[in-house]
Structure formats: structure tokens, C-alpha cells
2 protein chains.
Amino acid sequence: MTAANTPHRPMRADARRNYERLLAEAEVAFREQGTETSLEEIARRAGVSIGTLYGHFPTRQALLEAMLHESIDRLVAIAEELLAHPSPGEALARWARATAAHMSAYRGLATSLLSSLKDENNPLYRACQQMTAAGQRLLDRARTAGLVRAEAGADDMFALINAAAWAREQVSAEQGDRLLAFMLDGLRPVPAETRRPVDPGP
Amino acid sequence: MTAANTPHRPMRADARRNYERLLAEAEVAFREQGTETSLEEIARRAGVSIGTLYGHFPTRQALLEAMLHESIDRLVAIAEELLAHPSPGEALARWARATAAHMSAYRGLATSLLSSLKDENNPLYRACQQMTAAGQRLLDRARTAGLVRAEAGADDMFALINAAAWAREQVSAEQGDRLLAFMLDGLRPVPAETRRPVDPGP
DNA sequence: ACCTGAACACCGTTCAAGT
DNA sequence: ACCTGAACACCGTTCAAGT
């Protein structure tokens with residue numbers, strides 16, 4: 001593994017090996033069984049005691065965060081690259097699709113992520129902030145191009161991407177694609193002629 | 001309780017009392033703790049054995065279905081009434097808001113509902129179908145008024161309502177409202193002048 | 001016909017004891 | 001410095017035995 005998902009400071013060789021094995025098995029288990037899968041099974045598959053797992057990752061969120069580190073960096077980098085794409089709308093849509101696709105690879109992850117925003121101390125909190133910040137630049141560029149309405153913030157787009165990823169876990173791939181497309185189109189400015197067509201109502 | 005949530009055929013008086021108490025406690029527990037709350041706690045609160053709970057409701061979904069029966073009937077009736085609303089767009093939006101609000105009252109319900117569509121034998125499957133059918137009439141009416149694009153089906157709208165309800169569980173009420181509004185606006189036809197503004201891309 | 005509660009298998013989390 | 005595994009508290013689900 002690269003330096004991205006290694007812990008803060010030097011580690012004893014056996015500890016480091018356990019850390020890596022736990023991370024690798026967690027990735028498999030989360031992908032196959034969802035983010036609520038048994039931690040004891042992860043420890044078992046990694047060949048260590050459950051106490052060792054807790055020693056390295058005090059909470060499920062900490063383990064998820066460590067597992068996501070690399071891919072989040074990658075998504076942030078992709079956002080950076082897409083800023084150079086000729087079409088601000090396409091760039092935004094592509095990043096949203098890539099992000100939603102990644103999230104929906106782990107059942108329950110969208111829920112873990114979006115709910116982490118309720119607590120600053122949740123290890124996933126910063127991860128969400130990074131992704132939101134990365135999306136913000138693409139969103140603002142699309143807004144400047146007249147493709148995004150004023151009241152839509154980067155947090156809204158992040159929530160929509162999560163919602164699409166959540167839906168994608170439950171429906172067919174085709175419908176999942178369609179739903180994300182609808183959501184992104186929903187960020188466009190509402191054209192005057194279709195606004196409140198008949199009656200505003202109370 | 002009314003006849004709506006009583007079981008199929010005559011029941012012994014004590015059985016009926018247990019059934020009703022379980023349903024009442026389930027409603028409270030699901031509302032306070034979410035749809036993954038402990039069934040044993042529901043039985044405890046209802047003052048019956050866990051075996052009695054399983055005797056009446058063989059699965060968690062069966063208990064949820066029984067609990068939702070009345071409110072789903074109500075939402076179907078509301079859809080009916082809204083067909084007479086002068087604005088097809090407003091009617092659709094109001095039904096969607098009412099439905100999302102109801103669903104988000106029980107944490108985890110949106111997931112239980114949308115995922116039930118993967119299995120015809122899930123007791124919630126029919127409940128989802130009823131709601132989708134109710135929404136379909138409002139959706140088609142809005143489509144006739146030019147407010148909904150051709151490729152958006154009633155199942156898409158149902159999924160979006162669920163996604164909004166799911167998001168509402170995790171974010172603020174204001175943001176939840178906004179997200180649902182974005183999603184519904186995403187069902188509108190895309191005006192020609194904002195379609196693919198610069199470059200379609202590969 | 002319905003209810004009870006023990007039984008079984010599983011899990012999250014902590015922490016004293018080891019090396 | 002790190003690891004182990006027993007301990008505790010909890011849960012889902014089934015089913016023999018009761019009334």
C-alpha cells in the first residue's frame with residue numbers, strides 16, 4: 001500500500017502487518033456485505049483477535065475512513081482534472097457519476113457518510129468535507145456558466161450524490177443512472193416559462 | 001383501532017389485545033429508534049413474550065407493513081383528492097412532500113421500502129406498489145400539462161421520494177425540503193436552450 | 001388457538017493478562 | 001507497545017411445552 005493509508009508514526013512490524021491485513025479484509029467485507037457487516041468477521045478473516053481490530057480502529061467509522069482514504073484522494077484529484085474540461089456541465093456530471101458509483105460500491109456507505117455530518121468528531125466528517133469542497137469548485141464553475149441555480153450549494157450537491165448512491169444500492173443500474181441524472185438536472189435554473197404554470201396554491 | 005389494521009379473520013380476545021398492543025408499541029419504537037430497533041424491546045414494552053410477537057408478525061417487514069397500513073391508505077386517498085387540484089404541478093409536489101414527510105418520520109423506513117421492491121414476497125412490496133400507482137396518476141396528469149419529461153416513470157418518482165425521505169433523516173429540515181424540490185424539478189423536460197450547452201464530450 | 005421462555009447462534013465492546 | 005481472548009450485555013429466531 002502507499003503512504004496514504006499508513007498510520008501517523010512508525011509502527012512495530014507485526015502491528016503494521018495486522019493493520020494492513022485488517023484494512024484489506026475490511027475492504028472485501030464492506031464491499032461484499034455492506035458497511036454494517038460484522039467486525040468480528042473482519043478480524044477473523046484477517047487472522048487477528050477482535051481486540052486487535054479495536055486497538056487499530058476504535059470505531060467502525062475509523063475503519064471506514066481508513067479504507068476510503070485513497071479513493072477519496074483519487075476523487076478529489078479527478079475533480080481537479082475535470083476543472084479543465086471544456087464543458088462545465090459535463091465536468092460536473094462526470095464527477096457526480098464517478099463519486100456516486102464509488103459510494104454505491106459499499107452498501108450502507110452513503111448512509112454512513114451523510115450521517116457523519118451530524119458530528120464533527122466522526123472520522124468520516126472530514127472525508128465528507130473534502131469531497132464537498134472538491135465538488136464545490138465544479139459546481140461554481142457550472143453556476144457561472146448558467147447551469148446551476150443560485151440556491152443550490154455544494155452541500156446540496158453532495159447530499160444528492162449520496163442520495164443517488166443510496167438509491168443505486170436498491171434499484172437497477174439503469175434506474176440508478178436515470179435518478180442521478182434527474183437529480184443533477186434539478187440543480188439547473190428553472191426556466192421562466194415552466195415556473196408555476198397554473199396556480200401557486202397556498 | 002379501525003378495521004384497517006386488523007388481521008384477516010376472527011381472533012381470540014387475548015390474541016387480539018396482544019396484536020393491538022404490539023402494533024402500538026411498534027409504532028412508538030420505530031418512530032423513536034428507527035426501523036432497525038430491537039423487536040425484543042417492542043415485545044417487552046407491549047408486555048408479551050418475544051414468541052408472541054413472532055406469532056403475529058413473522059418478520060420485521062410484516063410488522064412494518066401492518067403499522068403502515070392506515071397511513072398508506074391515507075396517502076392514496078390524498079393522491080385521489082389532489083387529482084382535482086387546479087395545478088397538476090402543485091398537486092404532484094404536494095403529494096410528494098406529504099409522502100416524503102411521512103416516510104422520514106421513521107428512520108430507516110425509506111431503505112426498508114425501496115429495498116422491498118427486490119422481492120415480491122416482501123410484505124412491503126404491495127405497499128410500495130400501491131403508493132407508486134397512486135403517484136402515477138398525479139405524474140401522468142403533470143406530464144400531460146408538459147411538466148414531466150417522457151422518460152420519467154412512476155417508479156422513478158417513487159424512488160426519488162424515498163431518496164428525499166432518506167436524505168431528510170440525515171440533514172436539516174430546510175435542506176431536506178430543498179433536496180426534494182430539486183429532485184422534483186429534475187423530472188421536468190429539459191428546455192432546449194440549456195441542453196448540452198458547450199460540449200457533449202465522449 | 002395461542003402464549004411462554006429457554007435455547008441456540010451470533011454480535012459489539014471492554015479490559016485484565018500476557019509477550 | 002501490542003496482542004489475546006474471556007467477559008458482559010445484548011439481539012434475532014425457533015420451538016417444545018404449556019394453557
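Only a predicted model underlies this, so the values are computations on that prediction, with no experimental measurement involved. Sequence lines set the chain letters: A, B, ... in the order given, protein chains first and strands last, and positions in each chain run from 1.
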Any N/O pairs under 3.5 Å between the protein and nucleotides 17-19 of chain C? List them or say none.
none

Are B:Arg178 and B:Glu174 close enough for a salt bridge, meaning some N to O gap below 4.0 Å? no
Taking the side chain as C-beta and beyond, is there a heavy-atom pair between A:Leu92 and A:Leu139 under 4.5 Å? yes
Rounded off to whole Å, could you give me the CG-to-P distance for the A:Leu63 and C:dG12 pair? 11 Å
Would you please name every residue forming a side-chain contact (heavy atoms from CB on, under 4.5 Å) with A:Glu32, sequence neighbours left out? A:Val28, A:Arg45
Rounded to whole angstrom units, what separation is found between the CD atom of B:Glu20 and the P atom of C:dC2? 14 Å
Is a salt bridge present between B:Arg188 and B:Asp185, judged by a nitrogen-to-oxygen distance below 4.0 Å? yes
Between P of D:dA1 and CZ of A:Arg16, the distance in whole Å: 17 Å
First of B:Arg60 and B:Gly51 reached from the 5' end of DNA chain D, by closest nucleotide: B:Arg60
For C:dC2, does either OP1 or OP2 sit under 4.0 Å from a side-chain N or O belonging to B:Asn18? no
Just how far, in rounded Å, is P of D:dT14 from CG of B:Leu53? 12 Å
Under 4.0 Å between a side-chain N or O of A:His56 and OP1 or OP2 of D:dC3? yes
Going by side-chain contact (heavy atoms from CB on, under 4.5 Å), name the residues that satisfy it together with A:Thr37, two or more places apart in sequence or in a different chain. A:Ala29, A:Phe30, A:Gln33, A:Ile42
Report the distance from atom CZ of A:Phe57 to atom P of C:dT14, rounded to the nearest whole Å. 16 Å
Please give the stem ranges for DNA chain C, sorted by first residue number, where a stem is three or more consecutive Watson-Crick or G-U pairs and both donor-acceptor distances are under 3.5 Å. C:4-8 with D:12-16, C:12-16 with D:4-8
Determine all donor-acceptor pairs shorter than 3.5 Å in which one atom belongs to a side chain in residues 49-58 of chain A; sequence neighbours excluded.
from	atom 1	to	atom 2	distance (Å)
A:Ser49	OG	A:Gly51	N	3.0

Partners passing salt bridge (charged side-chain N to carboxylate O under 4.0 Å, His left out) against B:Arg60 (at least two apart in sequence or in another chain): none
Phosphate OP1/OP2 of C:dC3 contacted by B:Ser49 side-chain N/O (<4.0 Å): no
If you only use heavy atoms from C-beta on, which nucleotide in C:dT14, D:dT4, C:dA6 is closest to the side chain of B:Ile50? C:dA6
Contact residues, residues 28-44 of chain A to DNA chain C [heavy atom, < 4.0 Å]: A:Thr37, A:Ser38, A:Leu39, A:Glu40, A:Arg44
Can you sort out the partners of B:Arg107 under salt bridge (charged side-chain N to carboxylate O under 4.0 Å, His left out), two or more places apart, ordered by chain and number? none
For a quick check of understanding: with a heavy-atom distance under 4.0 Å over all strands, which category does B:Gly55 fall into, base, sugar-phosphate or nothing? nothing
Name all residues meeting the side-chain contact (heavy atoms from CB on, under 4.5 Å) criterion together with A:Ala79; count only those two or more places apart in sequence or in a different chain, and write none if there are none. A:Trp95, A:Ala134, A:Leu138
A:Tyr54 OH to C:dA16 C1', in whole Å, measures 18 Å
If I take atom CG in residue A:Asp14 and atom P in nucleotide D:dC2, what distance separates them, rounded to the nearest angstrom? 8 Å
By side-chain contact (heavy atoms from CB on, under 4.5 Å), A:Ala159 pairs with (sequence neighbours left out) A:Leu114, B:Gln175, B:Leu179
Among residues two or more places apart or on two chains, list those pairs meeting salt bridge (Lys or Arg N to Asp or Glu O under 4.0 Å) that have a residue in residues 162-172 of chain A. A:Arg168-A:Asp177
Could you list the donor-acceptor pairs under 3.5 angstrom formed between side-chain atoms of residues 119-129 of chain B and any protein atom two or more places apart in sequence or on another chain?
from	atom 1	to	atom 2	distance (Å)
B:Asp119	OD1	B:Asn121	N	2.9
B:Asn122	OD1	B:Leu124	N	2.8

